[in-house]
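Each ligand, and each atom within it, is numbered from 1 in the order the structure gives.
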Amino acid sequence: MPDLQRIIDNIHAELLPQLGTGKVADYIPELAKVNPHRFGIAVATVGGGSYFAGDAGEPFSIQSISKVFSLTLALGKHGDALWSRVGREPSGSSFNSIVQLEHESGVPRNPFINAGAIVVCDAILAGHRPREAIGEILRFVRSVADDDTIAIDPAVAQSEQKTGFRNVALASYMRSFGNLLHPVELTLGVYFHQCAISMTCRQLARAGLFLANGGHMPQTGLTVVSRDRARRICALMLMCGHYDGSGDFAFRVGLPGKSGVGGGILAVAPGQASVAVWSPGLDEHGNSQLGTRALQLLAERTGWSIFG
Ligand code: GLU
(Lines give C-alpha, C1' and ligand atoms only; values in the text may rest on other atoms or scores of the structure.)
Protein backbone atom coordinates (compact mmCIF):
# COMPACT_ATOMS: atom_id res chain seq x y z
CA MET A 1 0.00 0.00 0.00
CA PRO A 2 1.41 3.42 -0.94
CA ASP A 3 2.03 5.99 1.80
CA LEU A 4 -1.43 7.52 1.42
CA GLN A 5 -1.07 10.17 4.11
CA ARG A 6 2.07 11.54 2.53
CA ILE A 7 0.51 11.43 -0.94
CA ILE A 8 -2.60 13.39 0.02
CA ASP A 9 -0.61 15.86 2.16
CA ASN A 10 1.59 16.57 -0.87
CA ILE A 11 -1.36 16.90 -3.25
CA HIS A 12 -3.08 19.26 -0.82
CA ALA A 13 0.04 21.40 -0.46
CA GLU A 14 0.75 21.46 -4.20
CA LEU A 15 -2.77 22.50 -5.18
CA LEU A 16 -3.30 25.01 -2.38
CA PRO A 17 -1.95 27.96 -4.43
CA GLN A 18 -4.74 27.32 -6.97
CA LEU A 19 -7.44 27.63 -4.34
CA GLY A 20 -10.28 29.96 -5.32
CA THR A 21 -10.13 29.18 -9.07
CA GLY A 22 -13.36 28.11 -10.71
CA LYS A 23 -16.81 29.47 -10.04
CA VAL A 24 -18.93 28.69 -6.98
CA ALA A 25 -22.48 27.58 -7.92
CA ASP A 26 -24.71 30.60 -7.39
CA TYR A 27 -27.95 29.50 -9.07
CA ILE A 28 -28.89 28.09 -5.65
CA PRO A 29 -28.59 31.28 -3.52
CA GLU A 30 -27.62 29.41 -0.37
CA LEU A 31 -24.66 27.74 -2.12
CA ALA A 32 -23.35 31.13 -3.29
CA LYS A 33 -22.54 31.91 0.36
CA VAL A 34 -19.95 29.12 0.60
CA ASN A 35 -16.32 30.20 1.08
CA PRO A 36 -14.51 29.31 -2.18
CA HIS A 37 -11.21 28.90 -0.29
CA ARG A 38 -12.00 25.44 0.96
CA PHE A 39 -10.25 22.24 0.02
CA GLY A 40 -10.50 18.85 1.66
CA ILE A 41 -9.44 15.31 0.76
CA ALA A 42 -10.36 12.08 2.56
CA VAL A 43 -9.44 8.50 1.66
CA ALA A 44 -11.01 5.46 3.33
CA THR A 45 -9.46 2.13 2.37
CA VAL A 46 -11.23 -1.23 2.28
CA GLY A 47 -8.63 -2.40 4.79
CA GLY A 48 -9.89 0.10 7.39
CA GLY A 49 -7.35 2.90 6.85
CA SER A 50 -8.51 6.48 6.92
CA TYR A 51 -6.46 9.46 5.73
CA PHE A 52 -7.38 13.10 5.36
CA ALA A 53 -5.99 16.51 4.55
CA GLY A 54 -7.20 20.12 4.62
CA ASP A 55 -10.89 20.84 5.24
CA ALA A 56 -11.88 17.17 5.25
CA GLY A 57 -13.83 17.61 8.50
CA GLU A 58 -16.00 20.51 7.34
CA PRO A 59 -19.57 19.72 6.19
CA PHE A 60 -20.64 20.80 2.70
CA SER A 61 -23.72 20.33 0.53
CA ILE A 62 -23.29 17.01 -1.27
CA GLN A 63 -25.89 17.96 -3.92
CA SER A 64 -25.79 15.48 -6.81
CA ILE A 65 -23.48 13.05 -5.05
CA SER A 66 -26.67 12.08 -3.18
CA LYS A 67 -27.90 10.57 -6.47
CA VAL A 68 -25.54 7.61 -5.95
CA PHE A 69 -27.22 6.80 -2.64
CA SER A 70 -30.80 7.33 -3.84
CA LEU A 71 -30.14 5.15 -6.91
CA THR A 72 -28.80 2.39 -4.66
CA LEU A 73 -31.89 2.66 -2.46
CA ALA A 74 -34.34 2.72 -5.40
CA LEU A 75 -32.69 -0.33 -7.00
CA GLY A 76 -33.06 -2.12 -3.68
CA LYS A 77 -36.79 -1.33 -3.64
CA HIS A 78 -37.68 -1.81 -7.30
CA GLY A 79 -34.87 -3.91 -8.77
CA ASP A 80 -34.32 -3.83 -12.51
CA ALA A 81 -37.89 -2.57 -13.09
CA LEU A 82 -36.42 0.88 -12.41
CA TRP A 83 -34.70 0.74 -15.80
CA SER A 84 -38.02 1.02 -17.62
CA ARG A 85 -38.28 4.58 -16.27
CA VAL A 86 -34.69 5.78 -16.56
CA GLY A 87 -31.92 4.88 -19.01
CA ARG A 88 -28.27 3.92 -18.59
CA GLU A 89 -26.62 6.00 -21.28
CA PRO A 90 -24.31 8.98 -20.92
CA SER A 91 -26.16 12.18 -21.75
CA GLY A 92 -23.53 14.47 -23.23
CA SER A 93 -25.72 17.29 -21.93
CA SER A 94 -25.62 19.57 -18.92
CA PHE A 95 -27.00 18.39 -15.59
CA ASN A 96 -30.33 20.23 -15.94
CA SER A 97 -30.89 19.89 -19.69
CA ILE A 98 -34.44 19.40 -20.94
CA VAL A 99 -33.79 18.88 -24.67
CA GLN A 100 -33.26 15.11 -24.67
CA LEU A 101 -36.44 14.50 -22.72
CA GLU A 102 -38.60 15.44 -25.69
CA HIS A 103 -36.81 13.10 -28.09
CA GLU A 104 -36.90 10.28 -25.57
CA SER A 105 -40.54 10.63 -24.53
CA GLY A 106 -39.92 11.66 -20.96
CA VAL A 107 -37.49 8.83 -20.10
CA PRO A 108 -34.26 10.46 -18.90
CA ARG A 109 -30.94 9.22 -20.20
CA ASN A 110 -29.50 8.16 -16.84
CA PRO A 111 -30.15 8.41 -13.08
CA PHE A 112 -27.44 11.05 -12.50
CA ILE A 113 -28.74 13.93 -14.62
CA ASN A 114 -31.38 15.91 -12.75
CA ALA A 115 -34.32 14.47 -14.71
CA GLY A 116 -33.18 10.92 -13.97
CA ALA A 117 -32.60 11.61 -10.30
CA ILE A 118 -36.08 13.12 -10.03
CA VAL A 119 -37.56 9.88 -11.44
CA VAL A 120 -35.49 7.91 -8.91
CA CYS A 121 -36.94 10.06 -6.09
CA ASP A 122 -40.43 9.44 -7.48
CA ALA A 123 -39.73 5.69 -7.28
CA ILE A 124 -38.55 5.99 -3.66
CA LEU A 125 -41.66 8.02 -2.84
CA ALA A 126 -43.99 5.15 -3.87
CA GLY A 127 -46.16 4.19 -0.90
CA HIS A 128 -44.72 6.92 1.32
CA ARG A 129 -45.28 10.50 2.29
CA PRO A 130 -42.46 12.83 1.21
CA ARG A 131 -41.27 13.17 4.81
CA GLU A 132 -40.96 9.39 5.12
CA ALA A 133 -39.11 9.08 1.81
CA ILE A 134 -36.67 11.82 2.85
CA GLY A 135 -36.18 10.02 6.18
CA GLU A 136 -35.50 6.78 4.35
CA ILE A 137 -32.81 8.36 2.16
CA LEU A 138 -31.16 10.07 5.14
CA ARG A 139 -31.21 6.85 7.19
CA PHE A 140 -29.62 4.99 4.30
CA VAL A 141 -26.82 7.55 3.97
CA ARG A 142 -26.24 7.46 7.73
CA SER A 143 -26.10 3.68 7.71
CA VAL A 144 -23.56 3.36 4.87
CA ALA A 145 -21.46 6.13 6.44
CA ASP A 146 -21.90 4.46 9.84
CA ASP A 147 -22.57 7.93 11.26
CA ASP A 148 -25.87 9.11 12.72
CA THR A 149 -24.86 12.75 12.93
CA ILE A 150 -25.29 13.33 9.15
CA ALA A 151 -28.13 15.81 8.53
CA ILE A 152 -30.00 17.76 5.89
CA ASP A 153 -29.33 21.52 5.71
CA PRO A 154 -32.86 23.00 5.71
CA ALA A 155 -31.67 26.40 4.41
CA VAL A 156 -30.21 24.76 1.29
CA ALA A 157 -33.37 22.68 0.74
CA GLN A 158 -35.57 25.79 1.02
CA SER A 159 -33.28 27.79 -1.21
CA GLU A 160 -33.65 25.16 -3.95
CA GLN A 161 -37.37 24.87 -3.38
CA LYS A 162 -37.72 28.63 -4.00
CA THR A 163 -35.49 28.82 -7.09
CA GLY A 164 -35.49 25.35 -8.68
CA PHE A 165 -37.64 26.37 -11.66
CA ARG A 166 -35.71 24.19 -14.09
CA ASN A 167 -36.27 21.16 -11.96
CA VAL A 168 -39.98 22.03 -11.77
CA ALA A 169 -39.99 22.19 -15.58
CA LEU A 170 -38.19 18.82 -15.90
CA ALA A 171 -40.55 17.15 -13.43
CA SER A 172 -43.69 18.63 -15.01
CA TYR A 173 -42.52 17.58 -18.45
CA MET A 174 -41.93 14.00 -17.31
CA ARG A 175 -45.32 13.96 -15.60
CA SER A 176 -46.91 14.89 -18.93
CA PHE A 177 -45.39 11.69 -20.37
CA GLY A 178 -46.64 9.64 -17.42
CA ASN A 179 -43.11 9.01 -16.09
CA LEU A 180 -43.71 10.78 -12.79
CA LEU A 181 -46.33 9.10 -10.64
CA HIS A 182 -46.65 11.71 -7.88
CA PRO A 183 -47.48 15.42 -7.92
CA VAL A 184 -44.45 17.41 -9.03
CA GLU A 185 -44.14 19.32 -5.74
CA LEU A 186 -44.07 16.12 -3.68
CA THR A 187 -41.39 14.39 -5.76
CA LEU A 188 -39.32 17.56 -5.91
CA GLY A 189 -39.64 18.00 -2.15
CA VAL A 190 -37.84 14.66 -1.80
CA TYR A 191 -35.27 15.56 -4.47
CA PHE A 192 -34.39 18.96 -3.01
CA HIS A 193 -33.95 17.55 0.49
CA GLN A 194 -31.79 14.71 -0.77
CA CYS A 195 -29.52 17.21 -2.55
CA ALA A 196 -29.33 19.29 0.66
CA ILE A 197 -27.67 16.54 2.71
CA SER A 198 -24.52 17.94 4.34
CA MET A 199 -21.48 15.74 4.81
CA THR A 200 -17.77 16.08 5.41
CA CYS A 201 -15.22 14.47 3.09
CA ARG A 202 -14.45 12.00 5.85
CA GLN A 203 -18.09 10.93 6.15
CA LEU A 204 -18.51 10.77 2.39
CA ALA A 205 -15.40 8.64 1.85
CA ARG A 206 -16.72 6.15 4.41
CA ALA A 207 -20.17 6.17 2.81
CA GLY A 208 -18.69 5.14 -0.55
CA LEU A 209 -16.73 2.20 0.84
CA PHE A 210 -19.41 -0.38 0.05
CA LEU A 211 -18.95 0.42 -3.64
CA ALA A 212 -15.18 -0.06 -3.39
CA ASN A 213 -15.66 -3.31 -1.49
CA GLY A 214 -17.95 -5.38 -3.74
CA GLY A 215 -21.18 -4.18 -2.09
CA HIS A 216 -20.18 -4.90 1.54
CA MET A 217 -19.36 -2.37 4.23
CA PRO A 218 -15.91 -3.31 5.48
CA GLN A 219 -16.58 -1.40 8.72
CA THR A 220 -19.51 -3.61 9.78
CA GLY A 221 -19.48 -6.56 7.37
CA LEU A 222 -23.02 -5.66 6.27
CA THR A 223 -24.04 -6.33 2.69
CA VAL A 224 -25.55 -3.21 1.13
CA VAL A 225 -25.88 -4.49 -2.45
CA SER A 226 -24.70 -7.50 -4.44
CA ARG A 227 -21.26 -7.39 -6.07
CA ASP A 228 -22.94 -7.18 -9.50
CA ARG A 229 -25.00 -4.19 -8.46
CA ALA A 230 -22.01 -2.41 -6.94
CA ARG A 231 -20.19 -2.90 -10.27
CA ARG A 232 -23.12 -1.53 -12.23
CA ILE A 233 -23.50 1.54 -10.04
CA CYS A 234 -19.77 2.17 -10.57
CA ALA A 235 -20.22 1.73 -14.34
CA LEU A 236 -22.91 4.43 -14.31
CA MET A 237 -20.70 6.70 -12.22
CA LEU A 238 -17.91 6.35 -14.75
CA MET A 239 -20.14 7.03 -17.76
CA CYS A 240 -22.51 9.60 -16.32
CA GLY A 241 -21.15 10.89 -13.00
CA HIS A 242 -19.81 14.20 -14.31
CA TYR A 243 -22.53 15.20 -16.80
CA ASP A 244 -21.02 16.35 -20.09
CA GLY A 245 -17.58 16.29 -18.45
CA SER A 246 -17.81 12.52 -17.76
CA GLY A 247 -15.53 11.52 -20.64
CA ASP A 248 -12.88 13.98 -19.56
CA PHE A 249 -13.04 12.75 -15.94
CA ALA A 250 -12.67 9.11 -17.06
CA PHE A 251 -9.75 10.13 -19.28
CA ARG A 252 -7.95 12.10 -16.59
CA VAL A 253 -8.77 10.12 -13.45
CA GLY A 254 -9.77 6.64 -14.68
CA LEU A 255 -12.04 5.92 -11.72
CA PRO A 256 -15.84 5.98 -11.30
CA GLY A 257 -16.85 9.27 -9.69
CA LYS A 258 -19.87 11.41 -8.94
CA SER A 259 -19.71 15.16 -8.60
CA GLY A 260 -22.07 17.70 -7.06
CA VAL A 261 -22.43 21.44 -7.62
CA GLY A 262 -21.49 21.95 -3.96
CA GLY A 263 -17.92 21.18 -5.14
CA GLY A 264 -17.66 17.64 -3.83
CA ILE A 265 -16.67 14.49 -5.74
CA LEU A 266 -16.93 10.90 -4.54
CA ALA A 267 -14.58 8.53 -6.40
CA VAL A 268 -14.26 4.77 -6.08
CA ALA A 269 -11.10 2.72 -6.60
CA PRO A 270 -12.60 -0.81 -6.67
CA GLY A 271 -10.89 -3.19 -4.26
CA GLN A 272 -8.83 -0.33 -2.82
CA ALA A 273 -10.55 2.73 -1.45
CA SER A 274 -13.28 5.33 -1.52
CA VAL A 275 -12.15 8.94 -1.91
CA ALA A 276 -13.99 12.20 -1.26
CA VAL A 277 -12.68 15.61 -2.29
CA TRP A 278 -14.26 19.02 -1.85
CA SER A 279 -13.46 22.44 -3.23
CA PRO A 280 -16.34 24.75 -4.23
CA GLY A 281 -14.86 26.35 -7.40
CA LEU A 282 -16.46 24.62 -10.42
CA ASP A 283 -15.46 24.23 -14.06
CA GLU A 284 -17.76 24.95 -17.00
CA HIS A 285 -19.56 21.60 -16.59
CA GLY A 286 -20.33 22.15 -12.90
CA ASN A 287 -17.59 19.85 -11.56
CA SER A 288 -15.06 20.83 -8.88
CA GLN A 289 -11.93 22.12 -10.58
CA LEU A 290 -9.45 21.50 -7.77
CA GLY A 291 -11.24 18.31 -6.74
CA THR A 292 -10.75 16.83 -10.20
CA ARG A 293 -7.06 17.82 -10.22
CA ALA A 294 -6.60 16.28 -6.79
CA LEU A 295 -8.15 13.00 -7.94
CA GLN A 296 -6.05 12.97 -11.09
CA LEU A 297 -2.86 13.33 -9.02
CA LEU A 298 -4.04 10.74 -6.51
CA ALA A 299 -4.77 8.22 -9.27
CA GLU A 300 -1.35 8.87 -10.84
CA ARG A 301 0.55 8.55 -7.57
CA THR A 302 -1.25 5.49 -6.22
CA GLY A 303 -1.59 3.75 -9.58
CA TRP A 304 -5.34 3.31 -8.89
CA SER A 305 -7.27 2.88 -12.14
CA ILE A 306 -10.02 0.62 -13.39
CA PHE A 307 -8.08 0.26 -16.63
CA GLY A 308 -5.24 -1.79 -15.15
N1 GLU B 1 -29.65 20.24 -6.52
C2 GLU B 1 -28.93 20.54 -7.73
C3 GLU B 1 -29.91 20.86 -8.85
O4 GLU B 1 -30.89 20.22 -8.95
C5 GLU B 1 -28.05 19.40 -8.07
C6 GLU B 1 -27.13 19.67 -9.21
C7 GLU B 1 -25.77 19.04 -9.06
O8 GLU B 1 -25.23 18.89 -7.98
O9 GLU B 1 -25.20 18.72 -10.09
O10 GLU B 1 -29.73 21.74 -9.62
Side-chain angles (χ1 to χ4, degrees), residues 22-34 59-71 86 90-98 101 108-122 124 130 134 137-138 141 152-174 180 184-199 201 204 208 236-237 239-246 248-249 257-267 276-289 291-292:
K23 191 173 174 298
V24 175
D26 55 6
Y27 74 100
I28 301 171
E30 203 56 30
L31 291 187
K33 297 180 185 165
V34 173
F60 64 92
S61 191
I62 67 166
Q63 291 294 316
S64 282
I65 302 170
S66 62
K67 295 172 182 172
V68 174
F69 303 114
S70 54
L71 173 67
V86 58
S91 71
S93 310
S94 65
F95 65 97
N96 56 7
S97 168
I98 201 164
L101 272 183
R109 274 278 168 118
N110 67 66
F112 294 152
I113 49 174
N114 285 11
I118 292 167
V119 167
V120 168
C121 283
D122 196 64
I124 294 174
I134 294 164
I137 296 170
L138 183 61
V141 171
I152 290 171
D153 183 334
V156 173
Q158 275 164 27
S159 188
E160 274 210 78
Q161 223 141 10
K162 279 197 202 124
T163 56
F165 306 116
R166 279 247 191 176
N167 289 320
V168 174
L170 291 170
S172 306
Y173 201 47
M174 290 191 289
L180 208 74
V184 165
E185 61 280 11
L186 300 192
T187 301
L188 284 180
V190 178
Y191 173 75
F192 291 141
H193 281 82
Q194 153 196 313
C195 289
I197 294 173
S198 269
M199 289 171 85
C201 287
L204 195 55
L236 286 164
M237 289 169 75
M239 292 183 300
C240 320
H242 283 72
Y243 311 114
D244 40 347
S246 298
D248 194 52
F249 185 85
K258 181 73 204 87
S259 69
V261 292
I265 303 175
L266 172 64
V277 292
W278 171 53
S279 191
L282 307 179
D283 65 16
E284 72 275 22
H285 300 304
N287 302 314
S288 173
Q289 221 165 55
T292 308

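- The protein non-hydrogen atom at the shortest distance from atom 2 (C) of ligand 1 is Gln63 OE1, 3.0 Å.
- Pro59 approaches Ser198 most closely through the heavy-atom pair CB-CB, 4.3 Å.
- The shortest N or O to N or O distance between Glu160 and ligand 1 is under 3.5 Å.
- With ligand atoms numbered from 1 in the order given, ligand 1 contributes 3 (C), 4 (O), 10 (O) to contacts under 4.0 Å with heavy atoms of Asn167.
- Across Tyr243, Tyr27, Phe192, heavy-atom proximity to atom 10 (O) of ligand 1 is greatest for Tyr27.
- Looking at ligand 1, you'll find an N or O of Val261 within less than 3.5 Å of one of its N or O atoms.
- Here the SG-CD1 distance, from Cys121 to Ile137, works out to 5.0 Å after rounding to the nearest 0.5 Å.
- The contact set between ligand 1 and Cys195, taken as ligand atoms under 4.0 Å from a residue heavy atom, comprises 1 (N).
- For the residue pair Val86 and Gly116, the shortest heavy atom distance occurs at CG2-CA, 3.9 Å.
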Could you go step by step and tell me if Met237 and Val68 meet the side chain to side chain contact (heavy atoms under 4.5 Å, CB included) rule?
CA-CA 8 Å; Met237 289 169 75; Val68 174; 4.2 Å; yes
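- Here the heavy atom of the protein found nearest to atom 6 (C) of ligand 1 is Ser64 OG, 3.2 Å.
- Leu266 approaches Ile65 most closely through the heavy-atom pair CB-CG2, 3.8 Å.
- A cation-pi contact links Lys258 to Tyr243, judged by a cut-off of 6.0 Å to the six-membered ring centre and 45° from its axis.
- Near Gly260, meaning under 4.0 Å from one of its heavy atoms, ligand 1 places the atoms 8 (O).
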